[in-house]
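One structure below.
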Amino acid sequence: MATKTASQLELLDVNGHARIVASGPWTVQTVNGIEPLVDNAVASPAKQITIDLAGITHIDTAGAWMITRLERGLAANGTKIELVGASDNATRLLKALDSAERVIPPPRPHIGVGREMIEGVGRTMYNSANDLEAGLNILGGVTRGFVRALVHPARFRFTSIVFHIDRTGLRAVPIIALMSLLIGAIIAQQSAFQLRSFGAEVYVVDLVGVLVLRELGVLLTAIMIAGRSGSAFTAEIGSMKMREEIDALSVIGLDPTEVLIMPRIFALIIALPLLTFISDIMALIGGGLVSWVYVGLPPSAFIMRLRDAVALNTLFVGLIKAPFMALIIGIIAATEGLRVQGSAESLGARTTSSVVKAIFMVIVVDGLFAMYFSAVSY
Amino acid sequence: MSAVLAQPQPPAPDAEREVVIRGRGITVGFGERKVLENLDIDVYRGEILGIVGASGTGKSVLLRTILGLQPKQAGTVEILGTPYDEADANTRASIDRRLGVLFQQGALFSSLTVLQNVEFPMREHLHLSSRLMDELARVKIELVGLAPEAAERAPSELSGGMIKRASLARALALDPDIVFLDEPTSGLDPIGADEFDKLIATLRDTLGLTVFMVTHDLDSLHTVCDRIAVLGDRHVLIEGTIEDMLAFDHPWVQQYFHGVRARRREA
């Protein structure tokens, strides 16, 4: 026998008449223990059952639902049921739940891991076509905005552009400078170490100069900006989309692409080449410092050697790529931002995918440029 | 510990009724500016208390202060007979389980469906089988008047009124003793607001809830509130029934309850 305080359900047989006696607290806190008792009782074969609720001390919706489930379960088996001893409270609750749906909807079909994976791959492939279309859409919008702004220069949002140059450009200078200094130093140190065995340490300057100016300066800057500003753009535009601010702009009669996206992309196009230049210089300084300390090449000799090793076109090969990288980062960030749905989760997913796609595309485009420049021998 | 459900009882003399929330000397300020000062408030079991006041008089601040979401400079809050501020984490959690809150914007978790939102408190606090949790959540969703199909939808796909209802269903998930409602009918059309009022009254009667409701809606005050407390000048100006409000001599209270909107209502 359970103690008085425990909630319970007893099946009694009084003179051949089945009786279910419920007692104790039937609440959301105790319902966990009650559920198996109810499921057992539903299996009762009796044709006529009296359910006695007089012993129930407390009842809430969870408890009332268990009684409803018991009733319905028994009724489904063709048992005749009589409810007795229900308190006013219980009666009210049972009445309120009476309308609750009788048909339990079928559980959602279970999808296997394998199928889910294949579906995911398919969906991603399918969506990448949409990516291209959405990106071109934004590019078109920005171009149209630019042409319009050329006709009416007042449409250029100078304040906005300057604000974004400050945020994406000026404020990124310290981190870009520090990162480039270290990268330049590391490359110089590694190449000096490798070249020492050939006694060709002086070629450190050529290696650092060409590698940094042609490829690494712009690539690392673009990757840093994709992570730093691309993510911010996506999150900003995405949360504006969530809160219907984008819709508000269109209703006021403004083109969101022109107001939100164009200034950001322009700011990036202006800021990224400047940052790339800073990155180039800092990496050369880093390389120069290591050559001085590690190889014993004084700065004057480093500069002389550098002048022979690289021409102006080496610098331009890097800088020319920067505006294209900026455009890619901006378009991907805007596309992903506009795709944000209502949930916080989708904002996170879109921001992640914005950064990942931007970095990937920056590297792909850098490769294409490398092929192009070698083909035209520039 | 199970919640004792009160029978809805005829209004008894104040001394005999159980006080479920007792606030004493509540003082809340932002910087130099005091929003609430030395405010006393009592909420009795089984009643629907409406809090009104002009914008910026600290109605929502009071609600947040009682819930412990807003730090206060002075005063005490007792919920269900336990001093809420001094309670240790466990006691606090067990009190929290007996409270349900409907935030002004609904505050549904945007990455979960309505059903998952309602199941969420149960999943975290109780050990129920998933079938039972599913059933209970669906019962709650029906109880607040949402169509069963709405259970599978995401919060971003719901209308304003549906969000309020879904949020109420989540607030009711653990069969709380006290439900806090922050402007439940704001942003609803008059018919929707009326239905919501009726719903709250019905739930109070069937579930024996105590309701603490911040509202601006004169109709709600007239139709469902048992008692009204008016906030102003950083404290409770007056509390009592709608008749007490109509008779009270204070410019704002007079204007509020006898204003054009109020008269239109009487007409």
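Below, chains carry the letters A, B, ... as their sequence lines are ordered, and counting in each starts from 1. Because the structure is a prediction, the values reported are computed rather than measured. Keep in mind that the numbers below use all heavy atoms, side chains included, and drop hydrogens, waters and symmetry copies.
For chain B, no part of M242(A) is nearby; none of its heavy atoms comes within less than 4.5 Å. Looking at L132(B), the atoms closer than 4.5 Å to chain A (heavy atoms on both sides) sit in the backbone and in the side chain alike. Looking at L143(B), only its side chain comes within 4.5 Å of chain A, counting heavy atoms on both sides.
Within the structure, salt bridge (charged side-chain N to carboxylate O under 4.0 Å, His left out) pairs that include any residue of residues 81-90 of chain B comprise K72(B)-D85(B) (at least two apart or interchain).
Contact check for T27(A) versus D175(B): no side-chain heavy atoms found under the 4.5 Å cut-off. Put simply, the side chain of L128(B) reaches to within 4.5 Å of the side chain of V31(A), judged on heavy atoms.
Distance check, rounded to the nearest 0.5 Å: CE of M66(A) to CG of L136(B) gives 8.0 Å. To the nearest 0.5 Å, atoms CG (D177(B)) and CG (D60(A)) are separated by 9.5 Å. For the atom pair CH2 of W65(A) and NZ of K140(B), the computed distance is 11.0 Å after rounding to the nearest 0.5 Å.
Side chains of S129(B) and E35(A): a donor on one and an acceptor on the other come within 3.5 Å.
Taking R243(A) as the reference, E245(A) meet the side chain to side chain donor-acceptor pair (under 3.5 Å) condition, with sequence neighbours excluded.
Residues S110(B) and A344(A) come closest through the heavy atom pair OG-N, 2.7 Å.
Other residues, nucleotides and ligands contribute only 12 or fewer heavy atoms inside 6.0 Å of the CD1 atom of I191(B). When the shell of 6.0 Å around CD of Q105(B) is examined, it contains 12 or fewer heavy atoms from other residues, nucleotides or ligands.
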